[in-house]
Amino acid sequence: MTRLFAILFALLFMAVGTNAPKAQTEEPKYFWDLKPRSLRLLVSSAQVMVTRTATGWDAYCRCPVALTPSEIPDVMKKAIIAVEDKRYFDHRGIDLVSLLAVLKGGLSRGGSTIPMQLLKNLVFHDLRQADVLSRLERKGAELWHAGPFDEAIGKEELLAGYLNQIEFGGREIVGLYRASRHYFRKEPKDLTLYEAALLAGMVQAPARFNPLKEKTRQRAHERALLVLKLMAEQGKITEKERRQAAQAGARPGMLPEFRIQPQAFTEWVVQSWGADYVRPGETVRFFVTLNPRLQSFAERHLADLRKEGAVPPEYDAGAVMMAPNGRVEAMVGSVDWSTRQFNNAVKASVQAGSTAKLPLAITACESGKTPESRVLDQPVAGNWPSNGPLGYGGRMALKDAFATSRNAAAVQLAQEVGLDKVADVSRRLGIDPGPKTDLSMVLGSYSTNVMTMTGAYAAVANGGYEVKPSGILAVVDGRGEIRADFLTAWRTRIIPERCVEQAQVLLREVVRNGTGRAAALKRWPAYGKTGTSSENADAWFVGFAEKRVFGVWMGRSRGEQGPALAGAGAPASYFRRVLNAASEWTDERDRREEKRLAAERAKSRESWQAMADWILALRQSVTAPQARLPQGDGRKE
């Protein structure tokens, strides 16, 4: 008993010590202090692990594909609970039965629940050492915070977060989705009972129970049989199901392994925020906005366009997808990072082309013009500016001139509304047109990059609020302290509401009837603008649809020979392919998750109704008059 209380005291001491405020400093904020909504976002997020060394930086992305609870098959949930935390749905973060076993038998007995393990995986990387003090401190912190953590996130969401963040074998195989693709070449929804048991059994020691290696294959099989046995003993499956699963074994599919190239995004995070939040010798976890599935769409469709010849070999590319609030969800740095490690998305300084006409459209609205206002499409000097094969249209509606990207009309309009006003709006949107401006500014003669232009269009997509592109949600050190919190966005209006609506009308017209027709989506309205610089050195499409903003640049070095590429071609087609794929995936995921939540709400209503019926029946039994017993004849029987 003395030993039991000594260990318990040590655990609690370490837990409290982890959170003790530092003397004479501002009280720190910790991971578990965040609001439930923020915690749910972080447990489903990718992370960039950043180490500051004596000579520079070492960083990599832990990039799990986050599955919602409805995307995880029941067999997988049952298997992982059976082997890792059999009372998961009965406890509130701490399993007292297992904890007592630890206190009696020592730390080697384990006793960690799924909430405790998730905290360890996501927060306590500084406390993963094998020494007793580190283990005591970590275990104490896990015990101290597991309950509130469990309550804040919810059982289904926390279980999904756990399965999303488990490492099934090295940095590349993080999470159930990537493990399913790696070991069985199939989607998680198609896992068999045996395959689910095998993956659940790997969690304890992925290298020791690797089913693909000859040395460990039999051991992995035996471990899977143990998981199936536990599932049967706990009533999660029948004995017949256990035998059938053991006989069936694994049935691999044909899907390729899930791979992405997050290096450009990782490099951007390190170079933008690393020096501010990581001290020499430290490893710090950056919870990031990158969505691996969206990243995969962006990479795959660019590769397809190259194979088809739509993107000539002389052209490189850069692309950024972000939410309307500026959170970057995908980034393509080059056509193939393995052959060219230059991040065109943020480092390439290229001409903006006609994507620069967005600030002009907003300035025109602020000056009182509407999409139906007439503008003059005529050169201002000689044959400059040229509209190419379109020729000049004279007086025409602003929306028609914008949709067909008429340069002469843009220059005439800039003269009318004032070039300084256009430059001011550009800077409001985050675009720097340079210290000296002339009429060629509205034709995109200045240099910019994909990130900047995508952020400018995001301000129109989000209703007119300032956008500062960001790749991080929070920065957390190896003991759980939050060094930076970007979870709450501040909104500053930079475009009048009426001008947001008018800009959206113009951008919609580009896709419906103008140069951006190749960007039209299957079922969703799309908005955007094409751009092509002189000599076709730069080709653009920047637009938005379904709460995603996607900026695309494809270009070649000036003077380099090669076929001409215009923004209306491959860039617009690339936008269409990626946004169609992203929107279809989002719709399917949301439908499945809404169905799950509706079922949970119905179940909850049934539970409350059953409780209400029970209370009513109890009340009636207490308050109703007792029935009179039948009168006998007084004789004993």
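Predicted model, so just to flag it, every value in this text is computed and none were measured.
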Legend entry - Gap separating the CD1 atom of Ile94 from the CH2 atom of Trp144, nearest 0.5 angstrom: 10.0 Å
Legend entry - Arg548 with Glu329: basic N within carboxylate O range, under 4.0 Å: yes
Inset, instruction - May I ask you to test the Leu159-Lys77 pair for a side-chain heavy-atom distance under 4.5 Å? - result: yes
Inset, instruction - Work out which heavy atom in Val227 is nearest to a heavy atom in Ala197; give both atom names and the distance. - result: CG2-O, 3.7 Å
Legend entry - Closest non-hydrogen atom pair between Pro115 and Ala146, with its separation: CB-O, 4.1 Å
Legend entry - Candidate list Arg251, Lys186, Arg185, test salt bridge (Lys or Arg N to Asp or Glu O under 4.0 Å), partner Glu195, passing option: Lys186
Inset, instruction - Identify the heavy atoms of Gly455 and Val467 that sit nearest to each other, and give their distance. - result: O-CB, 3.6 Å
Legend entry - Donor-acceptor side-chain pairing of Arg493 and Tyr465 below 3.5 angstrom: yes
Inset, instruction - Check whether the side chains of Glu71 and Thr68 place a donor and an acceptor atom closer than 3.5 Å, and report yes or no. - result: yes
Inset, instruction - Evaluate the ring planes of Tyr177 and Phe258, with Trp represented by its six-membered ring, and classify them as parallel (under 30°), tilted (30 to 60°) or perpendicular (over 60°). - result: perpendicular
Inset, instruction - Would you indicate whether Lys86, at its atom NZ, is surrounded by more than 12 heavy atoms from other residues, nucleotides or ligands within a distance under 6.0 Å? - result: no
Legend entry - Presence of salt bridge, Glu187 and Arg181, under 4.0 angstrom: yes
Legend entry - Side-chain donor/acceptor of Ser38 to backbone N/O of Leu34, under 3.5 Å: no
Inset, instruction - Decide yes or no on side chain to side chain contact (heavy atoms under 4.5 Å, CB included) for Phe575 and Val542, but give the supporting numbers first. - result: CA-CA 8 Å; Phe575 174 92; Val542 187; over 6 Å; no
Legend entry - Main-chain N/O of Met331 paired with Gln295 side-chain donor or acceptor, under 3.5 Å: yes
Inset, instruction - Given side chain to side chain contact (heavy atoms under 4.5 Å, CB included), test Arg576 with Leu521 step by step and report yes or no. - result: CA-CA 6 Å; Arg576 183 191 74 245; Leu521 304 184; 4.1 Å; yes
Legend entry - Heavy-atom check, side chain of Val48 versus side chain of Tyr60, under 4.5 Å: no
Legend entry - Short side-chain to backbone donor-acceptor contact, Asn462 and Gly464, under 3.5 Å: yes
Inset, instruction - Step through the shown structure and confirm whether more than 12 heavy atoms of other residues, nucleotides or ligands are within 6.0 Å of CZ on Arg87. - result: yes
Legend entry - Donor-acceptor pair between Gln117 and Glu84 side chains, under 3.5 angstrom: yes
Inset, instruction - Would you mind checking if Asp477 and Arg285 are paired as a salt bridge, meaning a charged N to carboxylate O distance below 4.0 Å? - result: no
Inset, instruction - Kindly indicate whether the side chain of Thr216, heavy atoms from C-beta on, has any atom under 4.5 Å from the side chain of Phe209. - result: no
Legend entry - CE-CD1 distance between Met202 and Ile80, expressed to the nearest 0.5 angstrom: 11.0 Å
Inset, instruction - Give the C-alpha distance, both sets of side-chain angles, the deciding distance and a yes or no for ring-ring contact (aromatic ring centres under 6.0 Å, His included) between Trp32 and Phe124. - result: CA-CA 12 Å; Trp32 38 84; Phe124 298 123; 5.7 Å; yes
Inset, instruction - Using the side chain to side chain contact (heavy atoms under 4.5 Å, CB included) rule, take Phe184 and Leu198 through it: C-alpha gap first, then chi angles, then the decisive distance, then the call. - result: CA-CA 11 Å; Phe184 303 117; Leu198 197 151; 4.2 Å; yes
Inset, instruction - Look at the rings of Tyr88 and His91 and say which category their plane angle falls in: under 30° parallel, 30 to 60° tilted, over 60° perpendicular. - result: perpendicular
Inset, instruction - Decide if atom CZ of Arg92 counts as having more than 12 heavy atoms of other residues, nucleotides or ligands within a radius under 6.0 Å. - result: no
Inset, instruction - Taking Glu241 for its side chain and Thr238 for its backbone only, find out whether a donor-acceptor pair lies under 3.5 Å. - result: yes
Legend entry - Parallel, tilted or perpendicular, as decided by the 30° and 60° cut-offs, for the rings of Tyr194 and His221: tilted
Legend entry - Check: Asp85 and Tyr162 side chains under 4.5 Å, non-hydrogen atoms: no
Inset, instruction - Compare all side-chain heavy atoms of Met451 with those of Met322 and state whether any distance is below 4.5 angstrom. - result: yes
Legend entry - Gap between atom CD of Glu172 and atom CD of Glu257 - 0.5 Å precision: 8.0 Å
Inset, instruction - Run the numbers on Val460 and Tyr457 for side chain to side chain contact (heavy atoms under 4.5 Å, CB included), then give the verdict. - result: CA-CA 5 Å; Val460 178; Tyr457 279 72; 5.7 Å; no
Inset, instruction - Check whether the side chains of Gln47 and Gln165 place a donor and an acceptor atom closer than 3.5 Å, and report yes or no. - result: yes
Legend entry - Smallest separation among heavy atoms of Gly249 and Thr192, with atom names: O-OG1, 4.0 Å
Legend entry - Side-chain heavy atoms of Glu584 within contact of Phe297, under 4.5 Å: no
Legend entry - Within-4.5 Å side-chain heavy-atom neighbours: Val475 and Trp273: no
Legend entry - Pairing residues for Ala82 by the side chain to side chain contact (heavy atoms under 4.5 Å, CB included) criterion, not counting sequence neighbours: Leu230, Met231, Gln234, Lys236
Legend entry - Leu163 side, atom CG; Phe168 side, atom CZ - distance, nearest 0.5 Å: 6.5 Å
Legend entry - Interatomic spacing from CZ in Arg62 to CZ in Phe287 - rounded to 0.5 Å: 8.5 Å
Legend entry - Test item: Leu119 and His145 side chains (from C-beta on) under 4.5 Å apart, heavy atoms: yes
Inset, instruction - List the atom of Cys63, the atom of Ala46, and the distance in Å for their closest heavy-atom pair. - result: CA-CB, 4.1 Å
Legend entry - Under 3.5 Å donor-acceptor, Ser180 side chain and Leu176 backbone: no
Inset, instruction - Examine distances only and state if a side-chain atom of Gln261 and a backbone atom of Glu299 form a donor-acceptor pair shorter than 3.5 Å. - result: no
Inset, instruction - Salt-bridge test for Arg592 and Glu588: reply yes if a basic N is under 4.0 Å from a carboxylate O, no otherwise. - result: yes
Inset, instruction - State whether Glu593 and Arg596 are salt-bridged, where the test is any N-O pair (Lys NZ or Arg NE/NH1/NH2 against Asp/Glu carboxylate O) under 4.0 Å. - result: yes
Legend entry - Nearest-0.5 Å distance that lies between atom CG in Asn164 and atom OG in Ser45: 10.0 Å
Inset, instruction - Search all heavy atoms of Thr454 against all heavy atoms of Val549 and return the closest pair with its distance. - result: O-CG1, 3.7 Å
Inset, instruction - Go through the side-chain N and O atoms of Ser583 and Glu546 and say whether any donor and acceptor fall under 3.5 Å apart. - result: no
Inset, instruction - Kindly say whether the aromatic ring centers of Phe550 and Phe541 come within a distance under 6.0 Å. - result: no
Inset, instruction - State plainly whether the residues Glu239 and Arg242 are in salt-bridge range, i.e. N to O under 4.0 Å. - result: yes
